[in-house]
Amino acid sequence: MLQPTTPVVRNLLILNVLFFLGTSVAGSMFEVHLTYLLGAFYPASDWFRPWQIVTHMFMHGGPLHIFFNMFALYMFGTTLERVWGSKRFLIYYMVCGLGAFFLHEAVNAYQVFQATGELMPVMTNANAGDLAGIYNIPMVGASGAVYGLLLAFGVLFPNTRLMLLFPPIPIKAKWLVFGLGIMEIYLVTLDSASDNIAHFAHLGGMLFGYLLLKKWQRDTTTFY
């Protein structure tokens, strides 16, 4: 039986769906590509706008992308919000999403510096081959925040058995989180740019989530 949604999770689900539908309608009816306005671009890109640091978390690349993110948000976020309360849950969710952005762009900055010797160079015909993939492709999705939720669930409820969708087998939450983390670390060692997945953003969500959990653990004896 499905559990009823909690307030913040419900509002996040609504916002993500509205952003997705709005993006689809604007593109198909008005030829306005909101992804280039609301997706996250590298700060030196001509497409970058400050609000993208937040709005990218509500944008998605397709039906499957938003479905799996929202399914995970509902499944894990609802339990975490009940444990922590709405305020702390929202703080955690946003910190993970922002952490995903900052780690993703930090890696981009390293690649830009390796290619040009600068952190924020203007893209020209001479360096376009090195910079176009970073400057012209936006990052979208709630995956970084969702990976942070998965990490928190694994920390708080390590022995809870979860049923995977593919393959449909039960697994303890702690092993699921561990496996996902190892998989993402492995994938970033590959030349995985062609898969269009921001693996460092996933790791960023988990890393910043872990750091925030440790801070809360130091501040109090239990999580609330």
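Given the structure is predicted, the values throughout are model-derived calculations rather than measurements.
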Checklist entry - Is the centre of the F41 ring less than 6.0 Å from the centre of the Y36 ring? => result yes
Next on the checklist: Using side-chain contact (heavy atoms from CB on, under 4.5 Å), reason through F58 and L12 one step at a time and then give a plain yes or no.
Outcome noted: CA-CA 8 Å; F58 302 97; L12 288 172; 3.9 Å; yes
Item to check | Smallest separation among heavy atoms of P158 and K172, with atom names | outcome: O-CB, 3.7 Å
Next on the checklist: Let me confirm one number: the CG-CE distance from L203 to M183, rounded to the nearest 0.5 Å.
Outcome noted: 9.5 Å
Next on the checklist: Using side-chain contact (heavy atoms from CB on, under 4.5 Å), reason through T160 and F153 one step at a time and then give a plain yes or no.
Outcome noted: CA-CA 9 Å; T160 298; F153 192 91; 4.1 Å; yes
Next on the checklist: Taking N159's backbone N and O only, do any of them form a donor-acceptor pair with W175's side chain (distance below 3.5 Å, no angle check)?
Outcome noted: no
Checklist entry - So, does T55 use its side chain to make a donor-acceptor pair with the main chain of L38 at under 3.5 Å? => result yes
Checklist entry - Hey, does L80 have a side-chain heavy atom less than 4.5 Å from the side chain of L156? => result yes
Next on the checklist: Strictly distance-based, threshold 3.5 Å: is any side-chain N or O of T189 a donor or acceptor partner for the main-chain N or O of Y186?
Outcome noted: yes
Next on the checklist: Please check: side-chain N/O of R10 versus main-chain N/O of T5, any donor-acceptor pairing under 3.5 Å?
Outcome noted: yes
Next on the checklist: As an exercise, state the distance from CG of D46 to CG of N136, rounded to the nearest 0.5 Å.
Outcome noted: 8.5 Å
Checklist entry - Y93, V177: one ILVMFWY side-chain cluster at the under-4.5 Å cut-off? => result yes
Next on the checklist: Working note: T6 + R82, criterion side-chain contact (heavy atoms from CB on, under 4.5 Å); need CA distance, chi angles, decisive distance, verdict.
Outcome noted: CA-CA 7 Å; T6 46; R82 287 202 178 100; 3.6 Å; yes
Item to check | Cluster link M94 to I14, ILVMFWY, side chain under 4.5 Å | outcome: no
Next on the checklist: Can you confirm if the aromatic rings of H202 and Y147 lie within a centre distance of less than 6.0 Å?
Outcome noted: yes
Next on the checklist: What I want to check is whether the side chains of N127 and T116 have a donor and an acceptor closer together than 3.5 Å.
Outcome noted: no
Item to check | Least distance between heavy atoms, C96 atom then A145 atom | outcome: CB-CA, 3.7 Å
Item to check | Passing option when W216 is tested against Y210, F89, W84 for ring-ring contact (aromatic ring centres under 6.0 Å, His included) | outcome: W84
Item to check | Euclidean distance, L162 CG relative to F157 CZ, rounded to 0.5 Å | outcome: 11.0 Å
Checklist entry - Do the ring planes of F71 and F67 sit parallel (below 30°), tilted (30 to 60°) or perpendicular (above 60°)? => result parallel
Checklist entry - Step by step, would you call N108 with E105 a side-chain contact (heavy atoms from CB on, under 4.5 Å)? => result CA-CA 5 Å; N108 279 343; E105 298 305 347; 3.0 Å; yes
Item to check | Verify same cluster id: V140, V25 (apolar side-chain graph, 4.5 Å) | outcome: yes
Checklist outcome for this item: Rounded to the nearest 0.5 Å, the CG atom of L176 sits from the CD1 atom of I171 at a distance of 5.5 Å
Item to check | Sidechain-backbone polar pair: E184 side chain, F200 backbone, donor-acceptor under 3.5 Å | outcome: no
Next on the checklist: Keeping Y92 on the side-chain end and G148 on the backbone end, is there a donor-acceptor pair under 3.5 Å?
Outcome noted: yes
Item to check | Atom of V8, atom of E81 and distance for their closest heavy-atom approach | outcome: N-OE2, 3.0 Å
Checklist entry - Under 4.5 Å between side-chain heavy atoms, hopping through other hydrophobics if needed: is there a path connecting V188 to I137? => result no
Checklist entry - Heavy-atom distance under 4.5 Å between the side chains of F20 and P63, does that happen here? => result yes
Next on the checklist: Using every non-hydrogen atom in the two residues, find where H65 and G141 come nearest and quote the distance to one decimal.
Outcome noted: CE1-CA, 3.8 Å
Item to check | Minimum side-chain heavy-atom gap L21-T23 below 4.5 Å | outcome: no
Checklist entry - Should V54 and M59 be counted in the same cluster of Ile, Leu, Val, Met, Phe, Trp and Tyr side chains packed under 4.5 Å apart? => result yes
Next on the checklist: So does I53 get a backbone contact from the side chain of H56, meaning a donor-acceptor N/O pair under 3.5 Å?
Outcome noted: yes
Checklist entry - Roughly how far, to the nearest 0.5 Å, is the CG atom of L212 from the CZ atom of R88? => result 7.5 Å
Next on the checklist: Looking at H104 and A100, would you say the former's side chain and the latter's main chain have a donor-acceptor pair under 3.5 Å?
Outcome noted: no
Next on the checklist: Does M163, at its CE atom, have more than 12 non-hydrogen atoms belonging to other residues, nucleotides or ligands within less than 6.0 Å?
Outcome noted: yes
Checklist entry - Okay, side chain of Q52, backbone of L37: is any donor-acceptor separation there less than 3.5 Å? => result yes
Next on the checklist: Pairing donors with acceptors under 3.5 angstrom, does anything connect the side chains of Y74 and Q3?
Outcome noted: no
Checklist outcome for this item: Heavy-atom nearest pair, N69 first then A142, reads ND2-N, 3.5 Å
Item to check | Reported CZ-to-NE2 distance for the pair F19 and H60, which is rounded to 0.5 angstrom | outcome: 11.0 Å
Item to check | Proximity of Y135 and W47 rings by center, below 6.0 Å | outcome: no
Next on the checklist: Show the nearest heavy-atom pair for residues A152 and L213, with the distance to one decimal.
Outcome noted: CA-CD1, 3.8 Å
